[in-house]
Amino acid sequence: MAYSTAIDKKWQQKWEDADLYRFDESNLEKKLYCLEMFSYPSGANLHVGHWYNFGLADSWTRMKRLQGYNVFHPQGFDAFGLPAENYAIKTGIHPKDSTYANIATMERQLKTMGATFNFDYEVVTCDPTYYKWTQWIFLQLYKNGLAYRKNAPVNWCPSCQTVLANEQVQDGTCERCHAETTRRDLTQWFFKITNYAQELLDCLPDLDWPEKTKKIQTNWIGRSEGSEIAFDIADTDFSFRVFTTRPDTLMGVTYVVLAPEQELVNRIATDACRAAVEAYKDKVNKISEIDRLSTTKEKSGVFTGAYAVHPITGEKVPIWIADYVLAGYGTGCVMAVPGHDERDFVFAEKFGLPIPRVIQATGTEDDILPFTAYGKLVNSGEFDGLTSENAKKAIVEKLEKDNKGEQKITYRLRDWLVSRQRYWGSPIPIIHCDDCGAVPVPEDQLPVELPYDVDFAPDGESPLAKCDAFIRTTCPKCGKAAKRDVDTLDTFVCSSWYFLRYPNANNNMEAFNREWTNKMLPVDKYVGGAEHAAMHLLYARFITKALRDLGYLDFDEPFKSLVHQGTILGIDGQKMSKSKGNTVAPDDYIAKYGSDVFRMYLAFGFAYTEGGPWSDDGIKAIDRFVGRIERLIEKYKGQFSKKGPESGVYGEAEKELDFVRHTTITSVTTDLEVFQFNTSMARLMELTNALYHYDSGNTLNMPLISSVLRDLLLLLSPFAPHFAEEMWQQMGEKDFLFARNSSWPIADKTKMVKDEVEMAVQLNGQLKCRIVLPSTADNAAIEQTARNDAKVQDFLAGKQIVKVIVVKGRLVNFVVK
RNA sequence: GCGGACAUGGCGGAAUGGCAGACGCGCCGGUCUUAGGAGCCGGUGAGCAAUCGUAAGGGUUCAAGUCCCUUUGUCCGCACCA
């Protein structure tokens with residue numbers, strides 16, 4: 001029977017009946033935890049991206065399985081989140097109903113892929129049996145000071161009607177709906193990810209992750225070394241600190257600037273300036289992030305009327321406020337050195353502030369202001385003549401003595417804002433009591449269940465706030481009437497620990513069992529999109545480290561090894577989207593060609609980490625390839641031999657075919673190991689071509705043909721599991737190809753030695769001709785053979801040989817004059 | 001503006017510093033056939049040739065797609081970060 005979806009179904013059923021891919025919990029010696037980023041249960045059907053991610057990661061695990069690994073390969077759903085809620089608002093279908101319906105469909109679809117998923121460990125984040133533990137984790141963080149509530153200016157998406165984490169704002173727009181975000185002062189829940197800024201950086205070098213992703217995290221964390229310097233405010237008891245990376249320019253400070261949102265501003269503004277300060281703050285508050293970005297170059301600000309005291313000279317310098325100083329970075333206050341900082345320079349010029357020079361160029365560089373490079377100090381009193389490097393030390397040392405400054409490291413990373421004003425998420429397990437304040441829900445009362453009947457039309461307030469039955473409760477501490485927290489958790493909280501839950505999916509006593517989890521994790525191979533570099537992947541690392549410090553885990557990093565798949569584009573090279581009408585529906589192709597052909601095309605047609613545009617011609621090519629193998633098997637049906645390949649006639653053709661077989665084993669194994677699916681497939685095509693080539697006279701011995709075909713099927717099986725099983729059976733095998741005692745072929749090095757090799761002969765590195773010689777020849781013999789060659793003698797005639805380079809098995813290079 | 005990645009036939013894409021273009025598509029030819037849009041076999045970077053060819057220019061090296069510098073272009077990340 002020719003390969004088709006009927007064959008897919010046949011083997012899926014047989015595998016399921018035999019429970020072939022069950023994870024063996026009793027023996028973790030060769031456990032391998034392979035995980036793909038779980039999917040959001042959106043529309044009905046799996047899209048090409050799912051197949052590309054799940055299907056090919058599955059191919060990798062299938063090789064590992066045949067290599068004897070006990071593979072843990074779970075699946076689940078990141079099921080809370082806005083799309084279901086927005087869909088509900090549009091259609092009236094409750095998020096819970098649509099989500100579970102979608103999950104059912106996707107599960108069915110996932111099964112048609114014929115992957116090795118361990119569905120008996122499935123995790124669904126919107127299920128109370130899951131979010132109970134999300135809430136539990138929240139409480140552990142809260143009880144240990146890693147979750148806190150504060151009023152702060154936060155990012156607000158007016159379209160989604162909720163706050164967003166910094167990571168979810170991209171170019172001043174919402175990462176989900178791309179609406180312009182604004183700022184709002186709100187009391188929100190945060191996780192103290194900044195406590196882990198340094199460790200999150202320190203662990204990066206040892207991770208087997210794409211360098212690009214590590215770089216993104218490094219930049220996002222944004223470590224900056226500098227100093228904090230204290231300034232007193234003249235004629236008051238107030239003082240503030242600035243962060244600077246250039247303490248060497250301290251003597252050039254002519255004013256200081258506070259962020260408009262800085263808390264001191266109201267207290268220090270003089271009566272004369274108060275109105276202007278208020279007006280400016282108002283103005284800044286109103287403009288959106290986008291406008292704030294687009295007005296980048298035009299500096300604005302107002303004088304507060306107050307003065308700060310220079311910590312070394314004691315001079316008074318004016319205190320301004322300006323929106324070029326960010327409240328959330330450093331201390332929200334900067335010392336302005338207009339002579340040596342671009343921004344301060346522009347600002348000082350605009351407002352007529354003095355611009356002295358305190359650093360002189362040492363070399364022949366330009367010496368115009370602002371001069372931002374390092375140099376030698378001038379106009380700096382006792383520090384004159386020092387280099388910038390030395391002055392940094394000297395100035396900070398002096399400040400330290402007076403208790404007015406010290407070295408300081410600042411990070412760009414902010415605490416993670418986790419509360420959301422939306423319905424479809426995990427409730428926050430906190431009760432607000434007038435007397436006792438924020439009180440955690442006792443753990444034995446978890447989960448705080450999300451009520452079903454809620455009016456979730458967004459109006460900027462949490463939908464749960466309108467649900468009396470939910471809010472009203474009693475204080476666990478004092479027993480008086482109290483109110484539940486009405487916000488829900490960012491879905492990234494749910495996804496920041498799901499990899500811990502998988503091995504514990506059926507544990508209803510605890511989120512995860514410490515001992516078991518320490519054995520099952522970290523995840524050995526994690527496969528998913530690069531778009532999560534600064535969000536999910538950072539949050540998951542943080543949660544892992546936090547849980548470790550709270551004593552629940554013994555490892556530092558959740559994902560040892562990470563691979564990002566690329567994106568499959570439409571035929572037009574554009575991102576697939578319904579509105580562009582360029583989507584490729586896997587189902588249509590699978591119905592026509594079968595799931596294995598679909599998967600093999602994805603494997604072969606792209607560099608895995610790059611992706612690229614879909615091509616119908618490409619998939620036809622794979623269909624042809626499958627046919628070629630089918631016809632080979634068909635041709636020899638009934639004649640297959642179980643004998644070793646060495647029995648029977650073993651001539652030149654046999655030897656060469658065997659050579660190709662063993663080199664194919666070698667390269668498919670190494671390429672598949674590192675997710676180079678396209679070259680693995682190319683090698684399999686070569687082996688198939690070789691079978692046709694040497695088989696043309698039909699003189700090959702059957703034991704060899706049979707053995708090579710069996711190896712071909714084994715090597716192909718990760719990409720075409722159903723097809724390989726079917727062919728395996730047609731070859732007369734009784735057990736499954738994927739039987740637990742099957743094994744991945746191992747190359748025989750002795751079969752990979754050729755009697756003769758062809759080598760290139762170069763003249764000054766330029767290819768001139770080729771010579772054939774015994775592969776055992778040593779360098780001297782190789783050189784001699786080359787010299788004796790008639791053609792070589794021709795082009796060497798009349799030239800003086802300066803040097804001869806011999807690279808064994810590759811080339812001889814004559815360096816001549 | 002800063003930082004990073006990338007640039008190879010008509011196309012998708014291969015090449016531990018060592019014979020560029022594996023493998024596939026497309027195209028051309030052969031074969032089989034009543035027929036071929038099936039199958040099988042062969043050819044296919046450019047050029048009549050010597051030679052020339054990996055975005056452009058320079059450099060290191062016996063040898064560069066690969067390493068270094070400059071430029072251009074594309075993509076990504078960050079962006080008034082003090």
query: Does OP1 or OP2 of B/A79 have a side-chain N or O of A/R412 closer than 4.0 Å?
result: yes
message: I need the residues from residues 672-682 of chain A with at least one non-hydrogen atom less than 4.0 Å from RNA chain B; give them sorted by number, or say none.
response: A/Q676, A/N678, A/T679, A/A682
message: Tell me if the NZ atom of A/K408 is crowded by more than 12 foreign heavy atoms within 6.0 Å.
response: no
task: Would you indicate, yes or no, if B/G24 has its OP1 or OP2 atom less than 4.0 angstrom from a side-chain nitrogen or oxygen of A/N689?
output: yes
query: With a non-hydrogen cut-off below 4.0 angstrom, is A/Y692 in contact with a base, only sugar-phosphate, or nothing?
result: sugar-phosphate
query: What is the distance, rounded to the nearest whole Å, between atom CH2 of A/W220 and atom C1' of B/A79?
result: 11 Å
Mind listing the N/O atom pairs, protein and nucleotides 1-4 of chain B, below 3.5 Å?
none

- prompt: Where along residues 328-340 of chain A does a heavy atom come under 4.0 Å from RNA chain B, residue by residue in number order?
  reply: A/Y329, A/V334
message: What contact category does A/S224 fall into here, base, sugar-phosphate, or nothing, at under 4.0 angstrom with non-hydrogen atoms?
response: sugar-phosphate
message: Below the 4.0 Å mark, does B/G17 have OP1 or OP2 next to a side-chain nitrogen or oxygen of A/R810?
response: no
Any A/K768 side-chain N or O less than 4.0 Å from OP1/OP2 of B/U51: yes
task: Measure from CE on A/M600 to C1' on B/C23 and round the result to the nearest Å.
output: 15 Å
message: Taking atom types as they are modelled, would you say the side chain of A/R770 forms a donor-acceptor pair with the base of B/C19 within the 3.5 Å cutoff?
response: yes
- request: Ignoring backbone atoms, establish whether A/R624 has a side-chain N or O less than 4.0 Å from OP1 or OP2 of B/C25.
  value: yes
field: Sugar-phosphate, base or nothing in reach of A/G566, heavy atoms under 4.0 Å
entry: nothing
field: Non-neighbouring partners of A/E673 that pass salt bridge (Lys or Arg N to Asp or Glu O under 4.0 Å), sequence neighbours left out
entry: A/K64
message: Quick check: any donor-acceptor pair below 3.5 Å linking the side-chain of A/R683 to the base of B/A22?
response: yes
task: Would you mind listing every side-chain hydrogen bond (donor to acceptor under 3.5 Å, both in side chains) that reaches into residues 612-628 of chain A, with sequence neighbours excluded?
output: A/Y589-A/W614, A/Y589-A/D616, A/W614-A/D616, A/R628-A/N689
task: For A/R787, check salt bridge (Lys or Arg N to Asp or Glu O under 4.0 Å) against everything at least two apart and list the hits.
output: A/E783
Nearest-angstrom distance from the residue atom CD of A/E686 to P of B/G24: 7 Å
field: Opposite nucleotide pairing with B/G24, Watson-Crick or G-U, both atom distances under 3.5 Å
entry: B/C11
task: Find the distance A/R628:CZ to B/C23:P and express it as a whole number of Å.
output: 12 Å
- prompt: With respect to the phosphate group of B/C52, does any side-chain polar atom (N or O) of A/Q766 fall under 4.0 Å of OP1 or OP2?
  reply: yes
